[in-house]
Protein chains: 2
Amino acid sequence: MSGSNDRPAFERGTGFLLARLGSLTARSWTAFLGEHRLSQGQYAVLVALDRHGVVGQRRLAELIAVDARNLVPVLDQLVDRRLVERRPHDTDRRRRVVTLTEEGSTLVGALAVAAAEEQDRFLHALPEAEREQLNRLLQRLYAAHVPADGPE
Amino acid sequence: MSGSNDRPAFERGTGFLLARLGSLTARSWTAFLGEHRLSQGQYAVLVALDRHGVVGQRRLAELIAVDARNLVPVLDQLVDRRLVERRPHDTDRRRRVVTLTEEGSTLVGALAVAAAEEQDRFLHALPEAEREQLNRLLQRLYAAHVPADGPE
DNA sequence: TATTGTTATACTCTATAACTATA
DNA sequence: TATAGTTATAGAGTATAACAATA
């Protein structure tokens, strides 16, 4: 007698699966990014900057759904490697504006193909149509939890 | 000029979304489970045991897709709270067999409704049909990465 | 030799509290 | 008074390396 009881199957609940699959995906990303000496958080910053251009740290933290405090050491490391720059804001002297350097931009571009292949490996169990379906659903869910691209 | 360039939108890639949404889901679970003094890992163990019954630690680690070494302290805590028991295997003296206690089983049952509500809150952006679609896709993906229910 | 469980250790991610300098 | 960035710190998740007991 193993493998069934009279309770709902939370092990198959969407929330449970999202958390576990997120963990597995993060592991996969970590292994892949480690080859380029990047953490998941660092890569998230690079990708977000590549898409959104110049932003303040607060806005950047929102964009990648991490806490602004935890963003500080991540940016420190990226600045050390000259992949991003922190510069003072033109008018608001509280702010420090973050941008990709030439080198950072090049790295994101170079990783693009390999990252796509890595993703394909992880999704190998799903045929193309289902992958697109999954992607659309995840985009909608993500948009509901992360503030969209706004002004400034 | 912000919000577009000529590169593929990795920020919207499935792997990226899975990792970020997994993180957000884990945060949501952590906040919810914290009210019951449970970590995500502890809850994963309880749920897995509730479904699969008596298993060894190696098999248990596989079932919830965590490393067997990291399972040790998690089980220690659960044993301290008398939610699970570790007992010697009947014939193989290397093994220690893990089971839910009466108290652990009761707790999982008590959390069932609240956990379902928590999940609904997180998925509020998707209508029912899409939620089921998402759940099916995630189940298939999860099954491809985690060994299914086997003998013993 | 291989397997089960374990310890020690380190890095990443996340969260709470409190501080500074500006607005 | 509120906001942008920061520091210190702690807990949880994951990973590598190495070990004892048993098969």
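None of the values given here were measured: they were computed from a predicted structure. In what follows, every chain begins at residue 1, and chains take the letters A, B, ... in the order their sequences are listed.
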From C:dC13, D:dA23, D:dG5, pick the nucleotide closest to the side chain of A:Ser39? C:dC13
Considering just the side-chain nitrogens and oxygens of B:Gln40, establish if one lies under 4.0 Å of OP1 or OP2 belonging to C:dT14. no
d(NE2, B:His89; C1', C:dG5) in whole Å: 14 Å
Does any non-hydrogen side-chain atom of B:Leu134 lie less than 4.5 Å from one of A:Leu17? no
With a 3.5 Å cut-off and just heavy-atom distances, do the side chain of B:Asn70 and the base of D:dA15 make a donor-acceptor pair? yes
Looking for any heavy atom pair under 4.0 Å, which part of the strands does B:Arg69 touch: base, sugar-phosphate only, or nothing? base
Could you list the donor-acceptor pairs under 3.5 angstrom formed between side-chain atoms of residues 126-133 of chain A and any protein atom two or more places apart in sequence or on another chain?
| residue | atom | partner | partner atom | Å |
| --- | --- | --- | --- | --- |
| A:Glu130 | OE2 | B:Arg140 | NH1 | 3.2 |
| A:Arg131 | NE | A:Leu123 | O | 3.3 |
| A:Arg131 | NE | A:Leu126 | O | 2.7 |
| A:Arg131 | NH1 | A:Asp120 | OD1 | 3.2 |
| A:Arg131 | NH2 | A:Leu123 | O | 3.3 |
| A:Arg131 | NH2 | A:Leu126 | O | 3.3 |

Roughly, in whole Å, what's the span from CD in B:Gln42 to P in D:dT14? 13 Å
Could you tell me which non-hydrogen atom of B:Ala144 sits nearest to which non-hydrogen atom of A:Ala125, and how far apart they are? CB-CB, 3.3 Å
Between B:Phe32 and B:Ala115, which heavy-atom pair has the shortest distance, and what is it? CZ-N, 3.6 Å
Measure across A:Arg121 and A:His124 and return the closest heavy-atom pair with its distance rounded to 0.1 Å. O-ND1, 2.9 Å
Residue whose nearest DNA chain D nucleotide is more 5′ - A:Arg86 or A:Arg20: A:Arg86
Go through residues 71-82 of chain A and report each residue with a non-hydrogen atom lying under 4.0 Å from DNA chain D, sorted by number. A:Val72
Rounded off to whole Å, could you give me the OH-to-P distance for the B:Tyr43 and D:dG13 pair? 14 Å
In whole Å, I'd like the distance from the CH2 atom of A:Trp29 to the P atom of C:dT12. 18 Å
No-H, no-angle donor-acceptor pair, A:Arg58 side chain to D:dG5 base, under 3.5 Å: yes
Between P of C:dT3 and CD of B:Glu62, the distance in whole Å: 12 Å
Classify B:Arg96 by what it touches in the nucleic acid, base, sugar-phosphate, or nothing, heavy-atom distance under 4.0 Å. sugar-phosphate
What is the distance, rounded to the nearest whole Å, between atom CZ of B:Arg59 and atom C1' of C:dT3? 16 Å
Taking the side chain of A:Arg94 as its heavy atoms from C-beta onward, which of D:dA2, C:dA17, D:dA12 lies nearest to it? D:dA2
Show me the donor-acceptor pairs, under 3.5 Å and distance only, between side chains in residues 63-75 of chain A and residues at least two apart or in other chains.
| residue | atom | partner | partner atom | Å |
| --- | --- | --- | --- | --- |
| A:Asp67 | OD1 | A:Arg69 | N | 2.9 |
| A:Asp67 | OD2 | A:Arg69 | NH1 | 3.4 |

So does A:Thr30 get a side-chain nitrogen or oxygen closer than 4.0 Å to the phosphate oxygens (OP1/OP2) of C:dT12? no
Under 30°, 30 to 60°, or over 60°: which ring-plane class applies to B:Phe122 and A:His145, parallel, tilted or perpendicular? parallel
CZ of B:Arg87 versus C1' of C:dG5: gap in Å, rounded? 17 Å
Before accepting this row, confirm whether a basic side-chain N of the pair A:Asp76/A:Arg86 lies closer than 4.0 Å to the acidic partner's carboxylate O. yes
Please state how far atom CG in A:Asp67 lies from atom P in C:dT16, giving the value in whole angstrom units. 9 Å
Give one of base, sugar-phosphate or nothing for B:Arg93, where a contact means two heavy atoms less than 4.0 Å apart. sugar-phosphate
